[in-house]
2 protein chains.
Amino acid sequence: MHEPTTEPRPGTAAWWLARENEPERPRRRRSLTLEGILDASLALLDERGAAALTMRNVAEELDCTQASLYRHVRNREELVTLLVDRAISVASAAPPEDADWAGKAAWSARRFREHLRRHPGVASLLRGTERLGPNSLAGMNYALGLFIGAGLSPRVAAAAASSLATFVIGSVNFNLGVDTRDPEESRHRRQLFRSRDASVVPLLVEHADTLADLGDDEFEVGLTALLTGFRALIEND
Amino acid sequence: MHEPTTEPRPGTAAWWLARENEPERPRRRRSLTLEGILDASLALLDERGAAALTMRNVAEELDCTQASLYRHVRNREELVTLLVDRAISVASAAPPEDADWAGKAAWSARRFREHLRRHPGVASLLRGTERLGPNSLAGMNYALGLFIGAGLSPRVAAAAASSLATFVIGSVNFNLGVDTRDPEESRHRRQLFRSRDASVVPLLVEHADTLADLGDDEFEVGLTALLTGFRALIEND
DNA sequence: ACCTGAACACCGTTCAAGT
DNA sequence: ACCTGAACACCGTTCAAGT
């Protein structure tokens with residue numbers, strides 16, 4: 001079996017593996033570093049949103065040319081991959097020791113969600129990307145330990161951890177462009193539901209008010225449902 | 001309260017509402033129609049992927065200029081919004097009548113997921129967009145009916161329906177760029193997990209093989225967990 | 001050895017000009 | 001009244017040329 005000639009896509013397992021075998025790029029005395037590029041990118045993302053994360057803007061932030069960035073990063077996609085993994089690390093912190101496994105999982109899920117809602121730019125980059133960077137893997141290892149410790153088989157524990165992460169990330173992205181703190185949006189929603197054809201979608205018309213401002217309810221209901229379901233899996237194992 | 005002067009973003013409740021109050025664009029005898037544009041876009045999406053869905057390519061497919069498209073669609077974003085809602089309709093079909101509410105929900109979720117996996121382009125457009133178009137609302141109404149019929153309060157039923165949709169969409173997008181039928185990817189994953197530092201992520205190293213090919217397990221575990229959790233919510237109501 | 005300026009091939013969007 | 005050609009202001013990426 002010989003080495004594949006095609007470049008692996010950033011973010012894939014093959015890419016992270018290939019990355020390690022490359023000779024480390026020599027440290028420059030010059031100021032431009034990968035760390036610096038990621039710092040600037042993250043700041044840009046928080047201040048001006050995901051659409052503003054362009055190579056030109058990053059370069060401008062760092063007072064260099066776009067071409068210089070390609071000395072530290074092969075692609076924009078590679079930059080995004082590294083950025084996402086770094087941003088994830090901020091969200092992973094140890095939950096309170098005295099909680100049980102479900103309490104710890106809920107605590108981490110809520111914290112991760114809050115982090116993403118405070119940094120919507122990061123959240124929107126997170127959609128659809130694989131998460132195999134070192135920080136992502138650390139989080140995965142933690143969740144796996146939690147569920148195995150609770151009594152799930154490794155296989156089911158892995159699926160459970162994955163499901164939970166999928167749900168948290170999905171719940172953030174669902175409301176992304178929508179500023180839920182903006183009362184206008186919920187007003188428009190109510191108006192939309194109310195004005196539908198009652199013979200086609202009767203329940204939306206009837207429960208328009210309830211549906212209009214679900215807010216965090218969706219997340220909490222889904223979260224407890226998942227954890228309750230995991231608990232049931234343990235008892236039936 | 002006067003009309004807002006800012007244009008609502010495509011996909012928001014305000015946008016769908018405003019759309020209805022506009023005078024319908026007169027039917028042309030010319031061949032170019034909104035329907036035709038959406039047909040061509042969907043074909044493009046399936047054949048060449050989400051990245052190929054550009055105004056230029058759509059125009060080329062229809063033998064017209066890019067500018068002509070803007071006669072039927074205000075934005076690319078608007079085109080995407082309409083496209084997503086239309087694509088959703090294909091996935092919504094009536095589940096078998098003899099199943100209970102959980103069986104019906106599971107059937108629909110699996111069907112929706114399969115549809116999205118067969119059309120990854122649609123799935124990637126789906127991330128992060130609001131889903132308030134007529135077909136999306138029909139699906140929402142159906143799910144709401146299912147959960148209310150099962151005994152949940154309208155509020156909890158709405159949150160449950162939302163959670164389920166979030167999970168299904170999230171589960172597809174997680175594996176997007178990754179061709180899971182490609183054995184190489186799972187091999188690389190196993191290799192990645194195995195070669196991690198066992199003092200940092202011991203569980204990933206230990207269970208590398210299990211983690212490498214989770215496949216559809218993640219979805220099934222999450223799905224049954226959610227439904228089990230919903231059932232528990234009913235009994236405690 | 002490193003960085004730059006300038007270009008290339010793309011985007012979405014607009015609008016005067018044609019028919 | 002409708003459609004077009006051509007432009008505008010952006011993208012990501014590359015590379016010969018400078019220092």
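Naming: A, B, ... by sequence-line order, numbering from 1 per chain. Keep in mind that what you see is a predicted model, and the values were worked out from it rather than measured.
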task = Any strand is fair game: report the nucleotide pairing with dC10(C) by Watson-Crick or G-U wobble, both distances under 3.5 Å, or none.
result = none
query = dG12(D), dT4(D), dG5(C): which one has an atom nearest the side-chain heavy atoms of T65(A)?
reply = dG5(C)
key: Whole angstrom value for the distance that separates C1' of dC11(C) from CD of E60(B)   = 15 Å
request  = Would you mind telling me which residue lines up with the more 5' stretch of DNA chain C, M55(B) or A67(B), judged by nearest nucleotide?
outcome  = M55(B)
key: Pair R194(A) + D209(A), salt bridge at N-O below 4.0 Å   = yes
ask   = Is it true that E185(A) and R189(A) have a side-chain N and a carboxylate O under 4.0 angstrom from each other?
value = yes
Interatomic distance, Q66(A) CD vs dC15(D) P [rounded to whole Å] = 15 Å
message = Can you measure R56(A) atom CZ to dA9(D) atom P for me and round it to whole angstrom units?
response = 14 Å
query = With respect to the phosphate group of dG12(C), does any side-chain polar atom (N or O) of N75(B) fall under 4.0 Å of OP1 or OP2?
reply = no
query = Will you find, in the side chains of E218(A) and T166(B), an N or O donor that is under 3.5 Å from an N or O acceptor?
reply = yes
task = Just compare dT13(D), dG12(C), dC11(D) and give me whichever is closest to any side-chain atom of N57(A).
result = dC11(D)
ask   = Which of these nucleotides, dC3(D), dC11(D), dG5(C), is closest to any side-chain atom of T54(A)?
value = dC11(D)
inquiry  = Can you tell me which nucleotide in dG12(C), dT4(D), dG5(C) comes closest to the side chain of Y70(B)?
reply    = dG12(C)
request  = Check L164(A) against A105(A) and note the closest heavy-atom contact, atom names and distance.
outcome  = CD2-CB, 4.3 Å
inquiry  = Check this one for me: any side-chain N or O of S68(B) less than 4.0 Å away from OP1 or OP2 of dC2(D)?
reply    = no
Base paired to dC15(D) (Watson-Crick or G-U; both N/O distances under 3.5 angstrom) = dG5(C)
Salt-bridge criterion met for E35(A) and R86(A) (N-O under 4.0 Å) = yes
query = Rounded to the nearest Å, what distance is computed from the NE2 atom of residue H72(B) to the C1' atom of nucleotide dC3(D)?
reply = 11 Å
query = To the nearest Å, how far apart are E78(A) CD and dT13(D) P?
reply = 10 Å
message = Please report the distance, rounded to the nearest Å, between CZ in R71(B) and C1' in dA1(D).
response = 8 Å
query = Just how far, in rounded Å, is P of dC10(C) from CG of L53(B)?
reply = 17 Å
request  = Just compare dT4(D), dT13(D), dC3(D) and give me whichever is closest to any side-chain atom of R76(A).
outcome  = dT13(D)
